[in-house]
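Worksheet for the structure shown next.
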Protein chains: 2
Amino acid sequence: MAVTIKDVARAAGVSVATVTRALSMPDVVRAATRERVLETAKTLGYQPNRAARGLITGRTGNLGLLVPDLANPFFPGIVKGVQARAHEADHAVFLADTDENPAAEAGLVRKLAKQVDGVVLCSPRMPEAELRALAADIPIVLVYRRIPGTPSVTAAFLDGMRQAISHLTALGHQRIAYVAGPRSSWANRERVKSLRAVGRDVAGNGSPAGRASAEGKVSAAAKCELVEMGSVTPTFEGGVAAADGVLAAGVTAVIAYNDLVALGLLHRCAARGVRVPGDLSVLGFDDIPLGAMVHPALTTVALPKGPAGRAAVDLLLQERKEKRELPTQLIVRGSTGPAEG
Amino acid sequence: MAVTIKDVARAAGVSVATVTRALSMPDVVRAATRERVLETAKTLGYQPNRAARGLITGRTGNLGLLVPDLANPFFPGIVKGVQARAHEADHAVFLADTDENPAAEAGLVRKLAKQVDGVVLCSPRMPEAELRALAADIPIVLVYRRIPGTPSVTAAFLDGMRQAISHLTALGHQRIAYVAGPRSSWANRERVKSLRAVGRDVAGNGSPAGRASAEGKVSAAAKCELVEMGSVTPTFEGGVAAADGVLAAGVTAVIAYNDLVALGLLHRCAARGVRVPGDLSVLGFDDIPLGAMVHPALTTVALPKGPAGRAAVDLLLQERKEKRELPTQLIVRGSTGPAEG
DNA sequence: TTGAAAGCGATACCAC
DNA sequence: GTGGTATCGCTTTCAA
């Protein structure tokens, strides 16, 4: 069987209590003893049983992580960030993939609850009330979702949207479509809110309101019209399906809910012989690796993934109840260009 | 605090022993008592503490899962399969991403060891000796790697390669390149082995040796030359880098180590104005979602991902020491076509 | 500075 | 059938 603390104690000729101390409160045990204990622990290959420890300390050294769908290329980056930070902090992480089933989320979290010190909920789809109830029972941190009173990590959507529109207007686009994601999605609501805010600055023309953030980059010269198009499933197929509508809308540029949708748009354009960015500029949101691999490569607003995951773990471990908003960054690639005609 | 078995016992007016029985050996307790216990357990929202249970039973109800890099689109599918099957069997899963660091693998597994009933090692990069040592200490199942004496789940590479080459020769290709992956990679060695086996059948011409499997689909008529090209990093960038060499090799078709490499090839071809499949047919291995989204879409040999993950969990939970080989399937899309000229 | 012993939450064995 | 209790591996008083 595995080597336990007793084995170490016996081998080192001390009590189990001393072994514990040597390991977790080194300064309270005599140097010579400590050395001997540590030495034998190492040679025996002793690894403390975290479950047993957790039983008494109440801290398990484990974290939970819930994602809607690992196959969605947006999430692996976040998972990696969570993992990396957790391992640095010597924590292991339980992963649960809900397969985009909102009803399964709470149950999975509750099952994990006893075995973890807290859980990171990545873009949870469950209703706010349920989220609140969960938060009351176990420490949670939200990533890419925000509700009052719960710590969260999100990104500066407004600024990202401003960068996007600023980029497009600078290229001369005056009529830009936005292909929306699911109405029930927090991420979509945020984008729409940002879009409209920027739209107000820009539509009335001239005077750059610049209310919100200082960097009112959508400058005076800009003047453009934003047309919101009905929501689609936030997938490649959703984008493919939306493409014809966009092409019929008489716009020269389109901002997609996310990169997957943008990729679908791109695909359908290629199939229909529409030149990108010649006939239509396409801009995404997320910055998934895929976007850089297609041709033309996708211009997109990069959302922090690894850093978001790390930040979430930090909040969890430090038990800080704050909301953190990470920066977004426009990444210009080949799918956007000057408006023609 | 959380509700424990004692709370349930007290509330139901029985001993803790009876509560345990009511929950895990229902038939040994009187019906009336059982009902009452179950009832109060439910109203109190009792969830047994798995860590405490594991302490005494030796079974934790947890599984470990090690992957080299979640950002590699090949792995999420496997992880999802593992998850799904594990949850069905009421097990939670610890995920560890090693970031392609072979040296970190064994340590991570050993850290998890105490908290899991076994671990699934997904394409582990560590040396065979290390793997053996691990297997001696804790139950493991390998996925997409095979070593003697250890249960594993892999795929029928030989058959897949045969389908691929058969497809290409049927299209009239007579000179086909293979862009190899890392020499140290088990997956690459398997592919090369398969390639050469099929090559022997096909090069000598006529008589379809058909040694290995019955389905010697590369038929008599076929006659073609296989050229192996130096190994690349198994990434998009690796493919981009390999493209010029392939184009200079005077082949009409190329089989890439995996889809990512194939995508890189495609990208570079597009950039150089090489028509695919007109000037060059490109065939990948893996079938990652990405492959269907690019234009032209990628023809590829699909490797089982979800099913592989599920099978691995099955082997682990049933403690069966067998090797399972899942089927592969050629998926024909737009990136392969008739040889021209 | 060290050891003995009391638990943490659950299971399993032994009485009754 | 049911209740007491030792036990899993570890941490944490409490004494010495």
Side-chain angles (χ1 to χ4, degrees), chain A residues 1-38 40-41 44-62 90 92 110-117 138, chain B residues 1-38 40-41 44-62 90 92 110-117 138:
Chain A
M1 264 315 247
V3 29
T4 79
I5 199 173
K6 273 188 190 160
D7 301 323
V8 179
R10 199 174 315 123
V14 296
S15 74
V16 293
T18 302
V19 177
T20 296
R21 293 192 196 102
L23 263 46
S24 44
M25 341 161 65
D27 40 327
V28 79
V29 60
R30 188 155 40 111
T33 320
R34 181 185 349 129
E35 304 264 313
R36 186 155 39 95
V37 172
L38 262 37
T40 56
L44 261 51
Y46 170 68
Q47 296 256 135
N49 182 324
R50 313 188 99 175
R53 170 185 295 172
L55 211 45
I56 176 135
T57 60
R59 318 204 78 244
T60 61
N62 295 149
D90 200 35
R110 290 220 140 79
K111 261 240 201 78
L112 286 184
K114 289 284 206 320
Q115 293 193 84
V116 301
D117 296 334
I138 142 174
Chain B
M1 259 317 245
V3 29
T4 78
I5 197 172
K6 272 187 190 160
D7 301 323
V8 179
R10 198 173 317 123
V14 297
S15 74
V16 293
T18 302
V19 177
T20 296
R21 291 189 199 105
L23 262 47
S24 45
M25 342 162 62
D27 41 327
V28 81
V29 60
R30 190 159 34 117
T33 321
R34 181 183 349 127
E35 304 265 313
R36 185 155 38 95
V37 172
L38 263 35
T40 57
L44 262 51
Y46 170 69
Q47 295 256 133
N49 182 325
R50 310 186 100 174
R53 169 187 295 172
L55 211 47
I56 180 132
T57 60
R59 318 205 78 246
T60 61
N62 294 148
D90 200 35
R110 290 221 140 78
K111 257 234 203 87
L112 286 184
K114 291 282 207 321
Q115 293 193 82
V116 302
D117 296 335
I138 143 173

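Throughout, a chain's letter reflects where its sequence line sits, starting with A, and its residues are numbered from 1. We use all heavy atoms of the structure for the numbers below, so side chains are in, but hydrogens, waters and symmetry mates are not.
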Would you mind reporting whether A/R21 and A/T33 have side-chain heavy atoms less than 4.5 Å apart?
no

Checking all strands, does B/T20 fall into the base, sugar-phosphate, or nothing category for heavy-atom contacts under 4.0 angstrom?
base

Of all residues at least two apart in sequence or in a different chain, which pass the salt bridge (Lys or Arg N to Asp or Glu O under 4.0 Å) check with A/K111?
B/D90

Just how large is the angle between the end axes of the helix from C/dT1-D/dA16 to C/dC16-D/dG1, five pairs per end, to 10 degrees?
40°

Do the side-chain N or O atoms of B/K6 get closer than 4.0 angstrom to the phosphate oxygens (OP1, OP2) of C/dC8?
yes

Shortest non-hydrogen pair, A/A22 vs A/V37, comes out as CB-CG1, 3.7 Å

Which of D/dG3, C/dT11, C/dT2 is nearest the side chain of A/T18? It is C/dT2

Run the side-chain contact (heavy atoms from CB on, under 4.5 Å) check on B/L23 and B/Y46 step by step: do they pass?
CA-CA 11 Å; B/L23 262 47; B/Y46 170 69; 3.5 Å; yes

At a cut-off of 3.5 Å, list every protein nitrogen or oxygen paired with a nitrogen or oxygen from nucleotides 13-16 of chain C, distance to 0.1 Å.
{"residue": "C/dC13", "atom": "N4", "partner": "B/R21", "partner atom": "NH2", "Å": "3.4"}

State which residues pass salt bridge (Lys or Arg N to Asp or Glu O under 4.0 Å) with B/D27; sequence neighbours excluded, sorted by chain then number.
none

Do any of residues 23-36 of chain A sit with a heavy atom less than 4.0 Å from DNA chain D, and if so which?
none

Heavy-atom side-chain contact between B/I5 and B/N49 under 4.5 Å
no

Does any non-hydrogen side-chain atom of A/T20 lie less than 4.5 Å from one of A/M25?
no

Rounded off to whole Å, could you give me the NZ-to-C1' distance for the B/K114 and D/dG9 pair?
10 Å

Hey, what do you get for CZ (A/R10) to OG1 (A/T40), rounding to the nearest 0.5 Å?
12.0 Å

For the CD atom of A/Q47 and the CZ atom of B/R110, what is their distance to the nearest 0.5 Å?
8.5 Å

Taking all atoms of both residues into account, what is the closest heavy-atom pair of B/T60 and B/Q115, and its distance?
OG1-O, 3.2 Å

Within the pair B/R53 and C/dG9, is there a side-chain N or O less than 4.0 Å away from OP1 or OP2?
no

Heavy-atom pair with the smallest gap, counting every atom of A/R34 and A/P26:
NE-O, 3.0 Å

In short, A/G61 meets A/R50 closest at the heavy-atom pair O-NH1, 3.9 Å

Whole angstrom value for the distance that separates C1' of C/dG3 from CZ of A/R10:
16 Å

Starting at atom CD of A/Q115, determine the distance to atom P of C/dG9, rounded to an integer number of angstrom.
15 Å

Can you tell me the distance, in whole Å, between the CD1 atom of A/I5 and the C1' atom of C/dA4?
14 Å

What residues in residues 55-62 of chain B put a non-hydrogen atom under 4.0 Å from any atom of DNA chain C?
B/L55, B/I56, B/T57

Across the strands shown, which category fits A/V14 at heavy-atom distances under 4.0 angstrom: base, sugar-phosphate, nothing?
sugar-phosphate

So B/N62 and B/D117, do their side chains get closer than 4.5 Å, heavy atoms only?
no

Within the structure provided, determine whether B/I138 and B/L112 are in side-chain contact (heavy-atom separation under 4.5 Å).
no

Can you tell me if the side-chain N/O atoms of A/S15 get under 4.0 Å from OP1 or OP2 in C/dG3?
yes

Considering only heavy side-chain atoms of A/Y46, the closest of D/dC10, C/dG3, C/dA10 is D/dC10

